[in-house]
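In the text below, chain A, chain B and the rest are named by the order of the sequence lines, each starting its count at 1.
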Protein chains: 2
Amino acid sequence: MSSEESMCSICNVRESSGFSYGVLCCGACKMFFRRALFVKNIDTCRQKGECIKKCRYCRFQKCIQAGMSYTPTENLLELKNNDSLSAFIFNLAHQDELRKYQLMNCRYDGDPTVAEIAEHNTPLNFTKKPDDFPMNLGEWIFITGLTSLNYLKKFNHVNMLNASDRHFLLKYSFFDMSIFTDSMRACEKGEGVITFPDGTEVIRAEVPGLEQKFLNGIRCRLAARVNELKVTKEEFLLLSAVFFCNPGLPGISESGRGILSTYQKIYTSALLQYCLLTYQQTGPTRFTDLLSVLQVVTKTRQDISYLFILNSIRGPPSALKKIFIFR
Amino acid sequence: MSSEESMCSICNVRESSGFSYGVLCCGACKMFFRRALFVKNIDTCRQKGECIKKCRYCRFQKCIQAGMSYTPTENLLELKNNDSLSAFIFNLAHQDELRKYQLMNCRYDGDPTVAEIAEHNTPLNFTKKPDDFPMNLGEWIFITGLTSLNYLKKFNHVNMLNASDRHFLLKYSFFDMSIFTDSMRACEKGEGVITFPDGTEVIRAEVPGLEQKFLNGIRCRLAARVNELKVTKEEFLLLSAVFFCNPGLPGISESGRGILSTYQKIYTSALLQYCLLTYQQTGPTRFTDLLSVLQVVTKTRQDISYLFILNSIRGPPSALKKIFIFR
DNA sequence: AAACGAGGTCACTAGGTCAC
DNA sequence: GTGACCTAGTGACCTCGTTT
């Protein structure tokens, strides 16, 4: 046990005082992160670099990358706790920005299982992708899955679970998260069809024996719904918390279910409060509309799953990445 | 605790408001120092004397002597922060002028250890040297070491460290600083051989059993390199910050290493920015050339160290000053 | 009762402003 | 140019509720 172990993983200058917001760090960096969330006084930094102590933006980025995560505890339906809600959203927004950045610019060395990813509670180690790195359908699916896993891993409710429960939660959630982010991206691009950032189709154009209508449902159904509702970024962020904190997934222990349902209540009330504040009297309707998106996510995942089974029966055995082995 | 304690150590007229730029002083003297650095409107004073309040030069000198020290915090690579860089250089230039003055005109009573010097964070107390004060090799080495220590002590990074880390940093740095200043002096005099200000040779002419070539290496190698590169005063100042903020020295705690590496990054980027501004497209080359000087400093120190060990084995036990006891 | 982590408080200092 | 005053960011320290 070197003294290295007890240094703050953000500033690496002071001794760590323990875990704060899920990360081993010092009291100063803890307070810095808290204040940044509540005051939101983080200007972007020109040269993205190692400028701890010099640049507040880079220090905050280090917090985000290290997985620092804030969850409101107070009753969010009380108006005076509005700050907690916006701090929570600010936190998620930066986690999501990091996810997008990693999706676009990074690769991952190796082929881990979800169990391995769930084991350690450190963020995944992405590396910068060379400009000429060849992307194909498989690579896009893989990096989308890994960045989704990395995003989900940072939620406080995930870190509260034991390794087994965490494993099951991630295993049965991350693919839905991938689908959901794909659809949000399509929506932001103003497109009705899901594609990867470079235009690659998410599924091959034709699969023998399946109607085109079925395939188009996979490509378009969720994106269409998201588009129709004009789901905002903030709503997406809060929904990602609500959806992927599901106490009903198989394999999760009784105590795990308790934790998840506690957190899901928090996230749900955050979303409700956001809707009420933003849409006034139509807030409750908006709230239920948003929740209904989960049905479409699920339906889409089931369709993809069916497509996948068909492919694996008739096609040649493909070199499937381990995170996509669900049984 | 007399009220004396809380008086401004610069003007001694107002109450001190706390520590500013590393020195206990009042708000007025703090602002004076800051403005002086940024506006650089300090004309020299005719009668060097006690004219605080009357003469801006003497007031500024008091700031420098008291150890007031400014370190840029902003990102120096942004052009708009050019003022910070030049303020930093202006500050260092005056600290260095003081060092030279003390080297030429002062003596130090006593024989402190580096640990003792590191303990208090006040400047060393030099006294004016009588005109007829007899200087010899030992005296020159001693005063060179002490003025180097006094110069290094004022850096902000030194004052950030705890007493133990400060001790180790000074102990393993000040002699290199001495060598470096010796070489700069030779270069300024247009000489290729290091000597003390009155012409005294830095090492005795002959040492039995050692080749003349080896001794000449000590006398000339670093001066030759400095001469070859035509290292300017500003470059010397910035290099002195980069070199003597070494996080890798033995004995320094983990947190101390963190502090030093943070500051070294600041100093390094200051030097790089200076090179880019001054040399345009050849700036990066100049930057690496300058950094390479450190190798020569180190090599020279090692040679001297070897020479010293030889002398101490065979010669009579000399009355070595305590700052030169490195183990 | 001891350890832990969230959150609050306060003294401190760099830097800015403005009347003189 | 000066200095009293103000502001914002910081980090050491404290409190309190929870967990073991």
Side-chain angles (χ1 to χ4, degrees), chain A residues 6 8 10-11 13-43 52-60 63 67-75 80-81 83-84 87-88 91 121 156 159-160 162 255 258-259 262 266, chain B residues 6 8 10-11 13-43 52-60 63 68-75 80-81 83-84 87-88 91 156 159-160 162 255 258-259 262 266:
Chain A
S6 62
C8 170
I10 305 299
C11 66
V13 167
R14 285 167 290 271
E15 294 279 313
S16 67
S17 65
F19 281 85
S20 297
Y21 303 103
V23 167
L24 194 69
C25 68
C26 68
C29 287
K30 167 189 120 178
M31 280 310 292
F32 170 79
F33 182 68
R34 180 177 180 76
R35 273 191 285 255
L37 290 188
F38 279 79
V39 187
K40 300 176 198 51
N41 52 356
I42 302 292
D43 303 324
I52 306 306
K53 265 300 205 189
K54 282 177 287 181
C55 165
R56 306 184 67 255
Y57 175 84
C58 290
R59 189 178 181 189
F60 185 67
C63 294
M68 275 192 159
S69 175
Y70 166 79
T71 306
T73 50
E74 309 90 306
N75 181 357
K80 70 181 167 71
N81 291 325
D83 282 352
S84 300
F88 180 45
N91 184 189
N121 44 4
N156 273 355
N159 289 306
M160 296 294 292
N162 65 41
S255 70
I259 292 167
T262 301
I266 295 173
Chain B
S6 63
C8 170
I10 305 299
C11 66
V13 168
R14 284 167 292 269
E15 293 277 312
S16 66
S17 66
F19 281 85
S20 295
Y21 302 103
V23 167
L24 194 69
C25 67
C26 67
C29 287
K30 167 189 120 178
M31 280 310 294
F32 170 79
F33 181 68
R34 180 176 179 77
R35 273 191 287 255
L37 289 188
F38 279 79
V39 186
K40 300 177 199 50
N41 51 357
I42 302 292
D43 304 324
I52 307 306
K53 265 300 209 187
K54 283 173 287 180
C55 163
R56 305 184 67 257
Y57 176 84
C58 290
R59 189 179 182 189
F60 184 67
C63 293
M68 276 192 156
S69 175
Y70 167 80
T71 305
T73 50
E74 308 92 299
N75 182 354
K80 71 179 167 74
N81 292 324
D83 283 352
S84 300
F88 181 45
N91 184 189
N156 271 357
N159 289 306
M160 295 292 295
N162 64 40
S255 70
I259 293 166
T262 298
I266 295 173

For this session: Answer yes or no: does a side-chain N or O of Ser17(A) lie under 4.0 Å from OP1 or OP2 of dC4(C)?
Result: no
For this session: Quick one: label Phe38(A) by what it contacts on the DNA or RNA (base, sugar-phosphate, nothing), any heavy atom closer than 4.0 Å.
Result: nothing
Problem set entry | Shortest side-chain distance from Arg59(B), nucleotide among dG7(C), dG3(D), dG11(D) | dG3(D)
Exercise. Which part of the nucleic acid does Gly27(B) contact within heavy-atom distance under 4.0 Å: base, sugar-phosphate only, or nothing?
Worked result: nothing
For this session: Let me know the distance between CE of Met160(A) and P of dA6(C), rounded to the nearest Å.
Result: 10 Å
Exercise. According to a strict under-4.0 Å criterion, is Asn41(A) in side-chain N/O contact with OP1 or OP2 of dG9(D)?
Worked result: yes
Exercise. In whole Å, what is the span from the CD1 atom of Ile259(A) to the P atom of dT18(D)?
Worked result: 16 Å
Exercise. Should the ring pair Tyr70(A) and Tyr21(A) be called parallel, tilted or perpendicular, given that the plane angle runs from 0 to 90° and is split at 30 and 60?
Worked result: tilted
Problem set entry | Residue pair Asn41(B) / Phe60(B), side-chain heavy-atom distance below 4.5 Å | no
Seminar exercise, completed: Taken to the nearest whole Å, CE/Met68(B) to C1'/dA14(C) is 12 Å
For this session: To the nearest 0.5 angstrom, please state how far the NZ atom of Lys40(B) sits from the CZ atom of Arg35(B).
Result: 14.5 Å
Exercise. Going by modelled atom types, is there a donor-acceptor pair between the base of dG3(D) and the side chain of Arg35(B) at under 3.5 Å?
Worked result: yes
For this session: Could you work out which one of dA6(C), dG1(D), dA12(D) sits closest to the side chain of Ser20(A)?
Result: dA6(C)
Exercise. Rounded to whole angstroms, how far apart are CD1 on Ile10(B) and C1' on dT2(D)?
Worked result: 16 Å
Exercise. Which of the following nucleotides, dG8(C), dT10(D), dG15(C), is nearest to the side chain of Lys30(B)?
Worked result: dG15(C)
For this session: Looking at every strand, decide which applies to Arg34(B) at a 4.0 Å heavy-atom threshold: base, sugar-phosphate, or nothing.
Result: sugar-phosphate
Exercise. In whole Å, what is the span from the CZ atom of Phe60(A) to the C1' atom of dT10(D)?
Worked result: 17 Å
For this session: Counting heavy atoms from C-beta on, name the nucleotide in dG3(D), dG1(D), dG11(D) closest to the side chain of Arg56(B).
Result: dG1(D)
For this session: Check every strand shown and say whether Phe33(B) touches a base, only sugar-phosphate, or nothing at a heavy-atom separation below 4.0 Å.
Result: nothing
Problem set entry | Nucleotide dG11(D), atom P - distance to CZ of Phe32(A) in whole Å | 9 Å
Exercise. Can you check whether Ser84(B) has a side-chain N or O nearer than 4.0 Å to OP1 or OP2 of dG15(C)?
Worked result: no
Problem set entry | Whole-Å distance separating the CG atom of Asn159(A) from the P atom of dA6(C) | 12 Å
For this session: Could you please name the partner base of dT7(D), counting Watson-Crick and G-U wobble pairs only when both distances are under 3.5 Å?
Result: dA14(C)
Exercise. Does NZ or CZ of Arg34(A) lie under 6.0 Å from the centre of the six-membered ring of Phe38(A), at an angle within 45° of the ring axis?
Worked result: yes
Problem set entry | Nucleotide nearest Arg14(B) when distance is taken to its side chain, options dG11(D), dG3(D), dG15(C) | dG3(D)
Exercise. Should Met68(A) and Ile10(A) count as side-chain neighbours, where that means a heavy-atom distance under 4.5 Å?
Worked result: yes
Exercise. Rounded to whole angstroms, how far apart are OH on Tyr21(A) and P on dG7(C)?
Worked result: 4 Å
Exercise. Is any side-chain heavy atom of Asn91(A) closer than 4.5 Å to a side-chain heavy atom of Ser69(A)?
Worked result: yes
